[in-house]
Amino acid sequence: MLVLLKMIKKLFFPRRYQEKTTGQDTPSQKAAYPYALATFLFLGLQGILATAGSLHLIFPDLPAPLTFASGRAMHLNLSIFWPLLGVIGGAYYFLVEATDRELYSIRLAGWGFWYLLGTGLAILGFLALGKTDGREYLEAPFFLKIAVLIGLLVFAFNLLATAIQNRVVVQPEVVVILSAALLSPLLYLPTIFFVSHPTVDDVLRFLVVHLWEEGSLELLATTIGAALLASLKVAGRQKVKRLLLWEAGLVLTSGFIATGHHYYWIGTPDFWKVIGSVASGLQVVPVVLLALTAWQTTANRPRNFTPNLALYFFYASVFWNVVGAGLLGFLLAIPTFNRYAHGTYFTSAHAHMALFGFFGFLVLASSYFILTRRRRLSPTHVRRIKLSLVMLNSGLALMVACLIIAGFLQSYLWRGLGMDFTQVHLLLTPYLLLRTVGGAIFAAGGFLLAWEMVSLVLKPWLALLLSSGEP
Amino acid sequence: MRAAWLYLAAIVIFLAIFTGAIYFSIRSVLEETWPREAVAGKKIWQENGCVECHTLLGNGGYAAVDLTRITATTGREELVTFLTQPPVMRPARRQRHPALDREEAERLLDYLEQVSKIDTRGWPPPPFTRTNPAQGE
């Protein structure tokens, strides 16, 4: 019995770290720890919620604690919320890393986390109770949107004050981080008010739904990614800096206009079809640049070099960026194709690859790096993280493949042949079921990852408590 | 240093172009005045989270049919009955479509009628063949 208990204990609580090297993270960087940990926790929650939701979609009669609408609203809001937390943490961490200066206010960064966490949980609570604002991705009630806006402004202010105080405003990394941090509240502001006309509503909504991901947050994430490559010593700092500005410029110049691929059919003029598709084509350029850099890092790294696992998260992100945002995104941005694919599961496939595959993995890479950088990790931990990476990626691949097939069938049968929507949707059941299987693999991987990260961080605390209990 | 300024200038210029393009494309829409009933209907649409299953202008959930042109293809009385006495939704056996009271249903339909008048520039596309029309059951 005791042996069994010990085995169970070993299974759930293996020693994850061997020793902590002498702490070199500055107090400012330590303020980013909670942000990084929260991303993993929310990822775990998200996977389980989404898998349950996808099952509910196929079997609506199953007893569920939430309505499908509430569950989906929570899923969508989580999908923006935790990358946002991770990006804020990463921006704080790598700003300090790049400038070698402390933050203007460490306390603001620390309390900012609890403030945003509280806001996020309140949003989830309201959505669970069915109190929704009913606009996709922006379902949070009005006063909580104001609260998020304040949180973003505080974040932007803290970064700006840090840069001004230390006179490093025009350093490349800093200028990119700052511009992105200021853009996000600016883009959020027009979307928090009630708009009566659905065309205007959708035009404004995509400022957040598209431009947060492809504009401001992507800028922060690419900066973080570049800093990550430099910190992992797989790419020279100078080279990374040059790449960063190139990439940032391309992301922004094409990124703004590429929002046009959401403006094809919502009652806006035809010129968006031209500039939207051209700019979306240009958006592939930064993706290729990023992929080339990643490729070079694999080729250039020294022999018997064991990288931080964050590098694998980064590679996963580049892969999904090329496949999801690059290939499928490019295909979907062609107006004649989009005319049939608009509003089908194609969109869902693209959203999962771009939002989690590309963006989520990048945020996870930075969060993982922040949490594990100063620790020497045990082989058990490394094996489990690798396993969870395999599960996340294969789950996502299965999910996305099913969604693409479903999207193709929908476009062809419903839009192309004009069959009844519900009939077509019933035909999709096997693919949606297989999607749930992919989702379950993904959710298991996400849960494992969250579990590992929480134990990794909590173990030292538990050890402290235990040693004080046993003299 | 110079690259940083160039970058900032590029942001400002493209932000300005983008804002201008958006303003230009929604200028005519902003001048439209919608009846108060339709605006009330949009609030009902939002409060009930209809977008989580249905799409409008092609944006929204994938679980149920697009409602952009629903009032043009289905009679109003039929839609009111659907909303006030909702049927069981396939593939469910028990689960019904959420219900609205009559007043709410009327306002929601006022809104959807306005939406169906939006010029969506050729979307949704006509089916490839005419032998199997879009509403064929």
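First the proteins, then the strands, lettered A, B, ... as listed; each starts at 1.
Here the CD1-OH distance, from Ile22(B) to Tyr263(A), works out to 4.0 Å after rounding to the nearest 0.5 Å. Rounding to the nearest 0.5 Å places CD1 of Ile257(A) at 6.0 Å from CD1 of Ile17(B). Of the inter-residue distances, the one linking Gln95(B) atom CD with Asp61(A) atom CG reads 6.5 Å to the nearest 0.5 angstrom.
Between Pro198(A) and Val115(B), the shortest heavy-atom contact is CG-CG2, 3.9 Å. Pairing each heavy atom of Leu207(A) with each of Phe18(B), the nearest pair is CD2-CE2, 3.6 Å.
At a threshold of 4.0 Å, the pair Arg121(B)-Asp270(A) counts as salt-bridged, since one of the basic side-chain nitrogens sits closer than that to a carboxylate oxygen.
At least one donor-acceptor pair closer than 3.5 Å links the side chain of Arg339(A) to the backbone N or O of Gly122(B). The closest donor-acceptor contact from the side chain of Lys43(B) to the backbone of Ser196(A) lies at 3.5 Å or more, if one exists at all.
Within the 4.5 angstrom heavy-atom criterion, only side-chain atoms of Glu32(B), from C-beta onward, approach chain A. The contact between Ala21(B) and chain A is made by backbone and side chain atoms together, counting heavy-atom distances below 4.5 Å. At a 4.5 Å heavy-atom cutoff, the contact between Ile118(B) and chain A is made by side-chain atoms alone.
A 6.0 Å sphere centred on CZ of Phe142(A) holds more than 12 heavy atoms belonging to other residues, nucleotides or ligands. Annotation for Tyr412(A): atom OH does not count as buried by contact number, only 12 or fewer foreign heavy atoms lying within 6.0 Å.
Of the candidates Thr132(A), Asp133(A), Leu138(A), Asp133(A) is the only one forming a side-chain contact (heavy atoms from CB on, under 4.5 Å) with Gln46(B).
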Using side chain to side chain contact (heavy atoms under 4.5 Å, CB included), reason through Trp265(A) and Leu57(B) one step at a time and then give a plain yes or no. CA-CA 7 Å; Trp265(A) 320 110; Leu57(B) 303 172; over 6 Å; no

Just do the side chain to side chain contact (heavy atoms under 4.5 Å, CB included) check on Lys131(A) and Glu47(B) with the steps written out, would you?
CA-CA 7 Å; Lys131(A) 293 261 180 295; Glu47(B) 276 161 19; over 6 Å; no

Q.
Is there a side chain to side chain contact (heavy atoms under 4.5 Å, CB included) between Trp272(A) and Ser25(B)? Walk through the geometry before answering.
A. CA-CA 9 Å; Trp272(A) 285 109; Ser25(B) 51; 3.2 Å; yes

Using the rule given for side chain to side chain contact (heavy atoms under 4.5 Å, CB included), can you reason through Trp45(B) versus Arg135(A), listing the C-alpha separation, both sets of side-chain angles and the distance that settles it, and then say yes or no?
CA-CA 9 Å; Trp45(B) 169 271; Arg135(A) 298 157 72 202; over 6 Å; no

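The interface of residues 59-69 of chain B with chain A, defined by heavy-atom distances below 4.5 Å, comprises Asn59(B), Gly60(B), Gly61(B), Tyr62(B), Ala63(B), Ala64(B), Val65(B), Asp66(B).
Side-chain contact between Pro60(A) and Met89(B): absent, with no pair of heavy atoms (C-beta onward) separated by less than 4.5 Å.
Partners of Phe194(A) under the ring pair (Phe, Tyr, Trp, His ring centres under 6.0 Å) rule, at least two apart in sequence or in another chain, do not exist in this structure. Partners of Phe126(A) according to the ring pair (Phe, Tyr, Trp, His ring centres under 6.0 Å) rule, which considers only residues two or more places apart in sequence or in another chain, are Phe143(A). Listed by chain and residue number, Trp34(B) satisfy the ring pair (Phe, Tyr, Trp, His ring centres under 6.0 Å) test with His197(A) (two or more places apart in sequence, or in another chain).
Contact count against chain A (heavy-atom pairs under 4.5 Å) is highest for Pro91(B) among Gly49(B), Pro98(B), Pro91(B), Cys50(B). Interface remark: of the candidates Leu57(A), Leu426(A), Thr429(A), Leu426(A) forms the most heavy-atom pairs closer than 4.5 Å to chain B. Most heavy-atom pairs under 4.5 Å with chain A, from the set Ile26(B), Thr55(B), Asp119(B), Val29(B): that is Val29(B).
Between the side chains of Tyr7(B) and Ser179(A), a donor-acceptor pair is found at a separation under 3.5 Å.
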